[in-house]
Each structure stands twice: as structure tokens, then as C-alpha cells.
Amino acid sequence: ASGLLLLLRHPEAMEALRKDQGLIKPFIEETLRLEAPTQGLLRRTTRETNLLGVRIPKDRMVHLRFGAANRDPAVFAHPERLDLNRRNAGSHMAFSQGEHHCLGAPLARQEMKLAFEMLLDRWSDIQLDVAEEELSYLPSLTLRALRTLPLRFRPRD
């Protein structure tokens, strides 16, 4: 839903994907970077550490914000921009990293790829069926999920 909303906000990207479905994979990485379904997770410190001048004692809970890391301008040039040619789009934290990396990440990517291929092949004139201001997200510190995404569309010829 978040990826489709990105396409509705960026009709030039939707047109680019329709012309070249090879751009679906980079679009998926940008969607995961910009609209990661998991925005953050709790972790416990295993030792005392210092983060940007703030002392964090051992055995403390910290909330890692993947959504913020995915918009770090030190990592991603123009981090708020949807960029289908971003070379490091896959460096996002949507599925965490290291030993905590989501085992389901390849399946999620494949599901997204198939969904967008089918959507672009089968639907045309896709539009929101409500004003964008009416959209809302489920309340959560961890997850980012639209409550609904009401659409109007026509089958493609």
C-alpha cells in the first residue's frame, strides 16, 4: 500500500515503471527505504557505549529507528527523494542488518515485485478515492501501515 501511494504521489515514477519493468526492483528498494514497514525495534545494550556524546549504560533498552536511518543524508543523497537510479538504495535498514536481518526479506521483495508487475500490467488510471489528507496510519512506534488505501482504477486494455 505504501509503495502504491508513492507511485500515486510520483506519477512520473509510475510511468517509468510501466515503460521499463526492470525499474521495479530499484523501486522496491526505494519503497522499503522511504516507507519501511518496520520503523524501529527495541534492543538491549550488551555493554556501556557512547552515542554522539550520550552515555548509554549496559543492559538498557534502546529503540533503534530504522525509518530515521533510512533518511540519513550522510548515507543517502537527497534522502527524501524517490530516486529509481539510487545506487545504494538497498543499503536501507527496512529488514535490519547482521544477525537480526529478517529471514523473510527475499520473500517480501519477491511478493512486492509480483504485486507491482501485476498491478502495472492490469490496472490503469489508478487514483486515490479519497483526499490524501484523509489517509491515516495505524498507531504504532514500531510499524508503519496505512489503515486503508481507497482506490479508483480501470482495467488496462
Side-chain angles (χ1 to χ4, degrees), residues 1-43 61-157:
S2 295
L4 184 49
L5 183 56
L6 275 175
L7 287 180
L8 293 173
R9 288 176 178 157
H10 300 277
E12 72 286 354
M14 187 178 308
E15 187 59 31
L17 294 182
R18 284 192 194 281
K19 288 181 180 173
D20 179 2
Q21 288 199 355
L23 293 172
I24 290 176
K25 285 185 178 183
F27 170 72
I28 289 168
E29 296 307 320
E30 278 289 87
T31 298
L32 290 167
R33 185 183 70 78
L34 290 166
E35 297 290 331
T38 303
Q39 289 288 300
L41 290 174
L42 291 170
R43 294 287 185 254
M61 295 302 294
V62 293
H63 194 246
L64 303 177
R65 298 299 300 162
F66 303 151
N70 290 341
R71 286 180 164 78
D72 183 348
V75 178
F76 302 103
H78 309 287
E80 297 300 322
R81 184 182 301 163
L82 173 64
D83 182 353
L84 299 179
N85 297 305
R86 188 180 301 277
R87 289 178 171 232
N88 67 337
S91 299
H92 58 74
M93 296 289 296
F95 296 117
S96 193
Q97 296 288 325
E99 67 185 46
H100 296 287
H101 184 73
C102 176
L103 291 175
L107 176 60
R109 285 182 171 102
Q110 185 63 28
E111 289 174 336
M112 289 177 72
K113 180 179 180 293
L114 292 172
F116 281 106
E117 286 172 349
M118 290 172 59
L119 178 147
L120 293 167
D121 285 343
R122 297 179 182 183
W123 295 359
S124 68
D125 195 27
I126 305 167
Q127 299 175 25
L128 278 176
D129 200 31
V130 297
E132 188 167 344
E133 300 78 38
E134 294 180 45
L135 298 176
S136 65
Y137 290 82
L138 296 172
S140 176
L141 288 174
T142 303
L143 301 176
R144 179 166 174 82
L146 285 161
R147 288 181 188 273
T148 62
L149 185 64
L151 300 171
R152 289 189 312 264
F153 58 90
R154 289 183 298 123
R156 285 194 68 157
D157 299 330

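Given the structure is predicted, the values throughout are model-derived calculations rather than measurements.
- Atom CG in Leu23 sits 11.0 Å away from atom CD1 in Ile28 (nearest 0.5 Å).
- Annotation: salt bridge (charged side-chain N to carboxylate O under 4.0 Å, His left out) contacts involving residues 128-142, sequence neighbours excluded, comprise Arg9-Glu132, Asp129-Arg152.
- Using a 4.5 Å cut-off on side-chain heavy atoms (C-beta onward), Arg33 and Pro79 make contact.
- In this structure the side chain of Leu32 reaches within 4.5 angstrom of the side chain of Pro37, judged on heavy atoms.
- In this structure, the side chains of Arg71 and Leu34 come closer than 4.5 Å at one or more pairs of heavy atoms.
- Using a 4.5 Å cut-off on side-chain heavy atoms (C-beta onward), Ile126 and Met14 make contact.
- Here the straight-line distance linking atom CZ of Phe66 with atom CG of Leu41 works out to 4.5 Å at 0.5 Å rounding.
- A heavy-atom distance below 4.5 Å is not found between the side chains of Asp83 and Phe76.
- Within a 6.0 Å radius of CG in Leu107, other residues, nucleotides and ligands contribute more than 12 heavy atoms.
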What donor-acceptor contacts under 3.5 angstrom involve side-chain atoms of residues 136-145, with partners at least two apart or in another chain?
from   : atom 1 : to     : atom 2 : distance (Å)
Ser136 : OG     : Arg147 : NE     : 3.1
Tyr137 : OH     : Arg144 : NH2    : 3.1
Ser140 : OG     : Thr142 : N      : 3.0
Ser140 : OG     : Leu143 : N      : 2.9
Arg144 : NE     : Glu35  : OE1    : 2.6
Arg144 : NH2    : Glu35  : OE1    : 3.4

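- Under the side-chain contact (heavy atoms from CB on, under 4.5 Å) criterion, Leu42 pairs with Met61, His63, not counting sequence neighbours.
- Judged by distance alone, the side chain of Asn70 and the main-chain N or O of His92 form no donor-acceptor pair under 3.5 Å.
- Taking both residues in full, the closest heavy atoms of Leu149 and Ala1 are given as CD2-O, 3.4 Å, listed atom of the first, atom of the second, then distance.
- Applying the salt bridge (charged side-chain N to carboxylate O under 4.0 Å, His left out) test to every pair with at least one member in residues 100-110, sequence neighbours left out, gives these pairs: Glu29-Arg109.
- Closest heavy-atom contact between Ala77 and Arg86: O-NH1, 2.6 Å.
- Applying the side chain to side chain donor-acceptor pair (under 3.5 Å) rule to pairs touching residues 97-106 yields Arg43-His100, sequence neighbours excluded.
- Across all their heavy atoms, Ser2 and Leu146 have their closest contact at N-CD1, 4.2 Å.
- In this structure, Leu7 and Thr31 have side chains that are not in contact, with every pair of non-hydrogen atoms separated by 4.5 Å or more.
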Please table the atom pairs, donor to acceptor, closer than 3.5 Å between any side-chain atom in residues 114-124 and protein atoms at least two apart or in another chain.
from   : atom 1 : to     : atom 2 : distance (Å)
Glu117 : OE2    : Lys113 : NZ     : 2.5
Asp121 : OD1    : Gln21  : NE2    : 2.9
Ser124 : OG     : Arg154 : O      : 3.4

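- Using a 4.5 Å heavy-atom threshold, the side chains of Arg156 and Arg18 count as touching.
- The side-chain heavy atoms of Pro150 and Leu135, taken from C-beta on, include a pair separated by under 4.5 Å.
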